[in-house]
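Each chain gets a letter, A, B and so on, in the order the sequences are listed, and its residues count up from 1. Note that these values count all heavy atoms, side chains included, but never hydrogens, waters or copies made by symmetry.
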Amino acid sequence: MAEPTADEPDVVESYSGEPTRSKLIEIARYFLVIGIVGFGGPLVHIAMMEDDLVGEDSREWTDESIFMEGLAICNMLPGPASTQLGIFMGWIRAGNPGAIVAGFFFMLPTFIIVVFFSWLYFAYQQVPSVEAAFYGINPVVIGLIVGATWSMAQSALAEGHGHLEFSVRGDEWSIDFPARCSARGGCRRYGDAGVESRTPVHRRGDHHGRHLPIDVDPREPPKSHALVGR
Amino acid sequence: MFRDRALDLLGPSAKATLEASPIWALLVALWSNPWIQLFAFMVYTGSFIYGGGLVLIPFIELYVVQEFAWMTGREFVDGIAIGQLSPGPVVMTTAFVGYKLMLDASGGLIWVAILGALVATIGAFGPSFAFIMGFFPYFATVRENEIVRTALIGVNAAVVGAILGATVTLAAESFIDAFTIALAVLTFGLFLRGIHAAYLILGGGAIGIAWYFFVL
């Protein structure tokens, strides 16, 4: 599908699917499973959804371009991107009922686990061994927050760097700074390629840490950090 | 105050009019109900956590810990640990907040506390559902807007500061001795080397128990 034109209601309507009983059951099952096994954070959830639901050799709920569009928008919206992407996939598959079913079953396992731990925590807060465990856990969480913020800061500050942008015969070109000059000759840009939402997906890891020739994306300024950065 | 700040947005004249009207009395009465307070706060939080789940931390730290005093800073940090141990998003820590508030408000009734967790979760995730189902077409257009895009780059950088600021306050409560500081620094290093948060939390618990019983 080409660039979705949001200002045309007909095209937008075609985004969301028709709800049927079997589709809703399929959505409920899938998101219940993904909600249980998805330890490893939002990136794992997003990757699983992309593997299982998008493109060939999958359930083919939608195609890459719509999935990436949805991911980009979920990253732009306030709120947890992985959950929103789940809601989005349910919506694509079976309209508003699908969205609610997807979100509900996606969150259900987490909700039960958190409530169970909350009960455990407040019921046994005063027990010495529990107190001791949280004596160790407490500073670990502080370390984790600072660590995660560190990663966020790096991607956030990277976004702020100026890009060289110009257009050649109607094509928008963009070069990421800072471009690194390696000793062995030639200017090379270090880092990941500018993965764009409407081009086919490249996993960030594919490019990460490799030296690439100056990397130009003919479509748009690179937004890979904003896309998958969290 | 959370309430005052919301009012200040409206401007002084609107504030005076509002406070004189009978609606104001009704709002005050509604606000004193802990269920409505919980739900309203969670909807507010869910609508503004831009930049990833950790942005929850400054919100909860400022309002839940400092202003409403629903829980202590240490309890909140433990709640984040619980949120990290679950498979889903960190935002589910809101369920922990709702659980604690209603546990206290009901005087220890478990089922009311669970209902509180549910209300908090619905409040916090409600905006996400509304955004996708109601406004997706709208956001598809806005995303292309150059001004919005540039503004979001700024927001991304700003939330880093907000999170760190709240973390300093929380750390002041968590760092009770040199051992806890060392543990936090160690965790920071290990996390950046790619070790998963859940293992680090479980490891921290084990070390905490060992240290507590054998050293102290």
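Residue B:Val91 touches chain A through its side chain alone, counting heavy-atom pairs closer than 4.5 Å. For a residue to count as touching a neighbouring chain, one of its non-hydrogen atoms must lie under 4.5 Å from one of that chain's; by this rule B:Leu54 touches chain A with the side chain only. At a 4.5 Å heavy-atom cutoff, B:Val90 makes no contact with chain A through either its backbone or its side chain. If you measure heavy-atom distances from B:Ile176 to chain A, the contacts under 4.5 Å come from the side chain alone. Heavy atoms closer than 4.5 Å to chain A are found in both the backbone and the side chain of B:Leu170. Looking at B:Glu75, both its backbone and its side chain come within 4.5 Å of chain A, counting heavy atoms on both sides. Residue contact with chain B, scored on non-hydrogen atoms closer than 4.5 Å, is absent for A:Leu120. Interface residue A:Phe111: backbone and side-chain heavy atoms are both found under 4.5 Å from chain B. Residue A:Trp119 touches chain B through both its backbone and its side chain, counting heavy-atom pairs closer than 4.5 Å. Residue contact with chain A, scored on non-hydrogen atoms closer than 4.5 Å, involves the backbone and the side chain of B:Thr180 alike. For B:Ile110, the part lying under 4.5 angstrom from a heavy atom of chain A is the side chain only. If you measure heavy-atom distances from A:Thr83 to chain B, the contacts under 4.5 Å come from the side chain alone. In this structure, chain A has no heavy atom under 4.5 Å from any part of B:Ala113.
Distance check, rounded to the nearest 0.5 Å: CD1 of A:Ile34 to CZ of A:Phe105 gives 14.5 Å. Rounded to the nearest 0.5 Å, atoms CE (B:Met42) and CD1 (B:Ile122) are 12.5 Å apart. Interatomic distance, B:Tyr99 OH to B:Asp104 CG, rounded to the nearest 0.5 Å: 10.5 Å. Rounding to the nearest 0.5 Å gives a distance of 7.5 Å between CZ of B:Phe68 and OH of B:Tyr63. To the nearest 0.5 Å, the span separating CG on A:Leu144 from OG1 on B:Thr187 amounts to 6.0 Å.
Note on ring orientation: taking the six-membered ring where Trp is involved, the planes of B:Phe41 and B:Trp70 are perpendicular (angle over 60°, cut-offs 30° and 60°).
For A:Phe117 and B:Phe96, the gap between ring centers reaches or exceeds 6.0 Å. Between B:His196 and B:Phe191, the ring centre distance reaches or exceeds 6.0 Å. Between A:Phe67 and A:Trp61, the ring centre distance reaches or exceeds 6.0 Å. Between B:Tyr44 and B:Phe48, a ring centre-to-centre spacing shorter than 6.0 Å is recorded.
A side-chain contact (heavy atoms from CB on, under 4.5 Å) with B:Ile60 is found for exactly one of B:Ile57, B:Val64, B:Leu62, namely B:Val64.
Chain A forms the most heavy-atom pairs under 4.5 Å with one residue out of B:Val159, B:Leu164, B:Val55, B:Val148, and that residue is B:Leu164. Contacts with chain B were tallied for A:Ser82, A:Pro78, A:Ser129, A:Gly136; A:Pro78 has the most, counting heavy-atom pairs under 4.5 Å. With chain B as partner, the option from A:Ala153, A:Ala133, A:Ser151 having the largest number of non-hydrogen pairs under 4.5 angstrom is A:Ala133. The choice from B:Ile207, B:Thr93, B:Ile163, B:Leu190 that makes the most heavy-atom pairs within less than 4.5 Å of chain A is B:Ile163. With chain A as the partner, the residue from B:Ile181, B:Asp78, B:Ile82 showing the most heavy-atom pairs under 4.5 Å is B:Asp78. For the options B:Gly108, B:Ala117, B:Ala158, B:Ala124, heavy-atom pairs under 4.5 Å to chain A are most numerous at B:Ala117. For the set B:Phe131, B:Phe129, B:Phe125, the count of heavy-atom pairs under 4.5 angstrom toward chain A peaks at B:Phe129. Comparing A:Asn138, A:Val140, A:Ile100, A:Ile137 by heavy-atom pairs within less than 4.5 Å of chain B, the highest count is held by A:Asn138.
Of the N and O atoms on the side chains of A:Glu131 and A:Gln126, not one donor lies less than 3.5 Å from an acceptor on the other residue.
The two residues B:Leu101 and B:Pro34 make their nearest non-hydrogen contact at CD2-O, 4.0 Å.
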